[in-house]
Number of protein chains: 2
Amino acid sequence: LETYNLYEKGIEDLIISADKVAHVQLNNPLEHAMLILIKSGYSSIPVLDSEFKLQGLISQPLILDSILGIERIEFEKLGQYVVKDVMNREIPFINENEGFFKALKLAIDNPFLCVVDDAHTFKGILTRRTLLKFVNRYLHE
Amino acid sequence: LETYNLYEKGIEDLIISADKVAHVQLNNPLEHAMLILIKSGYSSIPVLDSEFKLQGLISQPLILDSILGIERIEFEKLGQYVVKDVMNREIPFINENEGFFKALKLAIDNPFLCVVDDAHTFKGILTRRTLLKFVNRYLHE
Ligand SMILES: Nc1ncnc2c1ncn2[C@@H]1O[C@@H]2COP(=O)(O)O[C@H]3[C@@H](O)[C@H](n4cnc5c(N)ncnc54)O[C@@H]3COP(=O)(O)O[C@H]2[C@H]1O
Ligand SMILES: Nc1ncnc2c1ncn2[C@@H]1O[C@@H]2COP(=O)(O)O[C@H]3[C@@H](O)[C@H](n4cnc5c(N)ncnc54)O[C@@H]3COP(=O)(O)O[C@H]2[C@H]1O
């Protein structure tokens, strides 16, 4: 049983490491991103560049909005555009050295946070699920 | 400053009341549900019947999957099918008399919970956002 001072708790043990996170690359065609989203089942996932730096977020609504024509969804465009054309560049992120309370505050308005190091290299994600699981355990001790 | 015994805390003050919740009816055409989802901006919303009883959940992926033909998304079907044809009948719900810890446990695996009374009438929803906001305040006191 750890005696916790939550004000001193870091976020390392709450991170889902990068190798477990579904993601796409800047230059992937939207078709590929669509497949990854459907297969992984996740609604929104990180976009990385070739140096594993965090660049944006992509989601199905974002892709569908971008290929919505006047009369129909123009599916042929899925092969013409790439992820960086439509991704959301506003990414809720947190530095791996930040504390528990900073993560909790950011999670109030964001389903997940992208964790980065000082060079903005992608280290993993921190989800509301993981935070709630930790809080539930903590409040029971 | 309230002295909390979380084991005795109810969920009433954490509920977003029904009148603030975007929802659809069992017999609405998928086209109408699609519009409500896009306009409200929510990814998944409750389905109610004419007596305001909770019947299911509907989301954009659920609708799109149901009209996915072999070659294209068959948009004409949006006018032919209704919500109850495609909704998810597995609803994460909680009774309005339940306690805080029950809500916290259920929120670990569910982005939101539908709150019902003993007659299964829809009273509102309880979201991860509201729980995290409460927990953040509680842990700071
Ligand atoms: N395959 C699966 N297995 C079990 N439960 C699943 C699941 N897919 C979704 N869920 C449940 O649904 C919640 C919302 O998922 P969503 O994909 O919209 O939203 C996700 C997604 O956008 C992102 N995410 C989570 N895990 C990810 C991963 N391994 N790779 C990429 N993105 C991830 O973080 C958001 C919040 O995730 P969180 O776990 O808090 O909350 C998840 C989780 O409770
Ligand atoms: N219009 C808006 N204004 C401000 N923030 C917004 C927003 N739309 C979405 N968000 C943010 O995105 C999170 C995920 O929303 P989502 O629609 O996928 O998932 C939502 C949605 O499925 C449902 N939900 C929340 N409020 C709702 C409402 N008023 N009516 C219907 N469904 C609602 O509960 C899920 C979790 O909501 P939660 O608040 O924990 O978490 C929300 C919130 O933090």
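Chain A is the first sequence line, chain B the second, and so forth, proteins listed ahead of strands; every chain is numbered from 1.
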Completion exercise
dist H140(A):NE2 -> L104(B):CG (nearest 0.5 Å) comes out at 7.5 Å
Handout entry: Nearest-0.5 Å distance that lies between atom CZ in F101(A) and atom CG in N136(B)
Key =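 Rounded to the nearest 0.5 Å, the CZ-CG separation comes out at 6.5 Å.
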Consider only side-chain heavy atoms of I, L, V, M, F, W and Y, link residues closer than 4.5 Å, and tell whether [X] and [Y] are in one cluster.
X: L54(A); Y: L106(A); value: no
X: V82(B); Y: F52(B); value: no
X: I94(A); Y: I15(A); value: yes

Are more than 12 heavy atoms from other residues, nucleotides or ligands located less than 6.0 Å from atom [atom1] of [X]?
X: Y81(A); atom1: OH; result: no
X: E76(A); atom1: CD; result: yes
X: K102(A); atom1: NZ; result: no

Fill in the blank from the handout: The interface call for F100(B) against chain A, heavy-atom contacts under 4.5 Å, is side chain
Practice task
Identify which part of I38(B) has an atom lying under 4.5 Å from any heavy atom of chain A, answering side chain, backbone, both or neither.
Solution key: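 For I38(B), there is no contact with chain A at all, as no heavy atom is under 4.5 Å.
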Handout entry: Most contacts with chain A, counted as non-hydrogen pairs under 4.5 angstrom, among V135(B), L6(B), L132(B)
Key =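 Looking at each option in turn, the highest pair count goes to L132(B).
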Exercise for the section: Heavy atoms only, distances under 4.5 angstrom: which of T127(A), L131(A), L64(A), D109(A) has the most pairs with chain B? Name it, please. Expected result: D109(A)
Exercise for the section: Report yes if some heavy atom in the side chain of I108(A) is under 4.5 Å from a heavy atom in the side chain of T130(B); otherwise report no. Expected result: no
